[in-house]
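Please read the structure below before turning to the comments.
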Amino acid sequence: MRAASGRGSRTLRSTRSSRACDRGPVPKGKTHHWVRPELVAEVEYKELTEQGLARHPSFNRFRSDKAASECRVDETAADAAAAAVEEPIPVAVVEERTVPFTNLDKVFWPAEGYTKGDLIEYHRQVAERMLPYLQDRPLVMTRYPDGIEGKSFFQKDAPPYAPDWFRRVTLWSEGSERELSYFVAEDLESLLYVINLGTIPLHIWSSRIETLALPDWCILDLDPKEAPFENVVDIARQLHEICEEISLPSFAKTSGSSGIHVLVPLGRQLTYDQSRTLAQLLARVVVAKLPLTATLTRSPDRRDGKVYIDFVQNGHGRLLAAPFTVRPLAGATVSAPLQWREVNKRLRIADHTIASVPRRMRRLGEDPLRPVLDLEPDLLGALDRLTRWFD
DNA sequence: GTTACGC
DNA sequence: GCGTAACAACGCTGG
DNA sequence: CCAGCG
């Protein structure tokens, strides 16, 4: 991996327009910068000015489902604007997104010499693969401002000084009895902004904001602790085999630390409660088949050298390490999506790092985990076939 | 990494 | 002006 | 009910 070149700060800048507007200059005194419409954004505003501009606009989200050419000034806005000025100007809000990078040469992984600039470059390279998993989900950061050997802290509440354009979602926190404003990363700029904050691992919810109670997937976390990694591989393969037998799709990724995550797509058909039950059922079948190496025992000292199958991670507000996220561990390992044929005795967590994964993904072409976001399996059928194990 | 206090 | 604190939390399980 | 765990 090449260290970030150049010194001081570099900047990621992008300018986008919300609704079509290629009209002439803005009234003098304004600092708007007009561009050719390309991307479509949904914005909220308090009111429209006489010129038909939005007052106090705030960015809501991008609308990849709409083309810029489809956008029209809404009639009320047009009428108001027409009444106010001779030549109506369409509603337009320009987003100038600027991410000023800082401390690019600060060493974050001393043993490897990887810098914060390297971390940002990694995310730039995998952003296209990673962003689909971040889309529409509350984001939780673990920040290491001074690298993996420095002090770190979790952060859910987005710092108020973060730029206006960063999408946020407000959720009630039971424990602290207040609202937390979570970041929601929508695009390259948002992703790189949180990374520049010194964030190493990104954690996400299993559900999306619009369907917070209905997870997209069910996760089984195979955590070896003391157990040999080959047992983790065996258990993951066993899990896959069981899923195949009941026609349930399943996917795997390295956790990036020591285990493997197996994900079953749910298509937002189950609640967290039901998802946890499904995970428990699957886990019990695995333990029945591999009683010498797998366990559901929570207490680490009673695991007897076995691999713990954690199914309790399927719950409201519970988090998982996002696919492609980086771990604050030696080697800068990442949580890497796997093809099932790669889940074999040659699999090594340490082989998937910020130095290797961008190349690997270019070679693979396709993200093997990507379908977990969209599949809607026949869960009743699968459940019916699964429960036959318990007769 | 950045801000907000308290001295 | 500078040092320092703050920056999360939830359902389980075993005791 | 409290502490530990992930």
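Predicted model only: the values in this text are computed from it and were never measured. Naming: A, B, ... by sequence-line order, numbering from 1 per chain.
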In whole Å, measure the gap between the C1' atoms of dA3(D) and dA9(C) for me.
15 Å
Regarding Asp273(A) and Thr271(A), do their side chains bring together a donor and an acceptor under 3.5 Å, going by distance alone?
no
Can you confirm whether Glu128(A) is buried at CD, in the sense that more than 12 heavy atoms of other residues, nucleotides or ligands lie under 6.0 Å from that atom?
no
Tell me, please, which residues at least two apart from Asp374(A) pass salt bridge (charged side-chain N to carboxylate O under 4.0 Å, His left out).
Arg370(A)
So does Asp105(A) pair up with Lys116(A), basic N to acidic O under 4.0 Å?
no
Looking across every strand, which nucleic acid part, if any, lies under 4.0 Å from Lys151(A) by heavy atom: base, sugar-phosphate, or nothing?
nothing
Under a 4.0 Å N-O cut-off, is there an ion pair linking Glu342(A) with Arg360(A)?
yes
Check this for me, if you would: do Asp351(A) and Arg346(A) make a salt bridge, where the nitrogen-to-carboxylate-oxygen distance has to be below 4.0 angstrom?
no
Here the residues of residues 296-313 of chain A within 4.0 Å heavy-atom distance, strictly under, of DNA chain C are Arg298(A), Arg302(A)
Tell me whether Glu366(A) at atom CD has more than 12 heavy atoms from other residues, nucleotides or ligands lying less than 6.0 Å away.
no
Would you call Lys225(A) and Asp223(A) a salt bridge, taking side-chain N to carboxylate O under 4.0 Å as the test?
yes
Going by an N to O cut-off under 4.0 Å, is there a salt bridge joining Asp234(A) and Arg237(A)?
no
How is Phe183(A) classified with respect to the nucleic acid when contacts are heavy atoms under 4.0 Å: base, sugar-phosphate, or nothing?
nothing
When the C1' atoms of dC5(D) and dC7(C) are considered, how many whole Å apart are they?
23 Å
Could Arg97(A) and Asp187(A) be called an ion pair, given the rule that one side-chain N must be under 4.0 Å from one carboxylate O?
yes
Between Asp118(A) and Lys106(A), is there a salt bridge with N-O shorter than 4.0 Å?
no
Mind checking which nucleotides bracket the chain A contacts on DNA chain C, 5' to 3', with an atom under 4.0 Å from a heavy atom?
dC7(C) to dG15(C)
By nearest heavy atom, map Gly315(A) and Leu319(A) onto DNA chain C; which one lands nearer the 5' end?
Leu319(A)
For DNA chain C, the dot-bracket notation using Watson-Crick and G-U wobble pairs below 3.5 Å, [ ] for pseudoknot-type crossings and | for other-strand pairs, is |||||||..||||||
Under 4.0 Å, heavy atom to any atom of DNA chain C: which of residues 195-210 of chain A qualify?
none
Partners passing side chain to side chain donor-acceptor pair (under 3.5 Å) against Ser207(A) (at least two apart in sequence or in another chain)
Tyr272(A)
Ring-plane angle category for Phe183(A) and Tyr193(A), please: parallel below 30°, perpendicular beyond 60°, tilted otherwise.
perpendicular
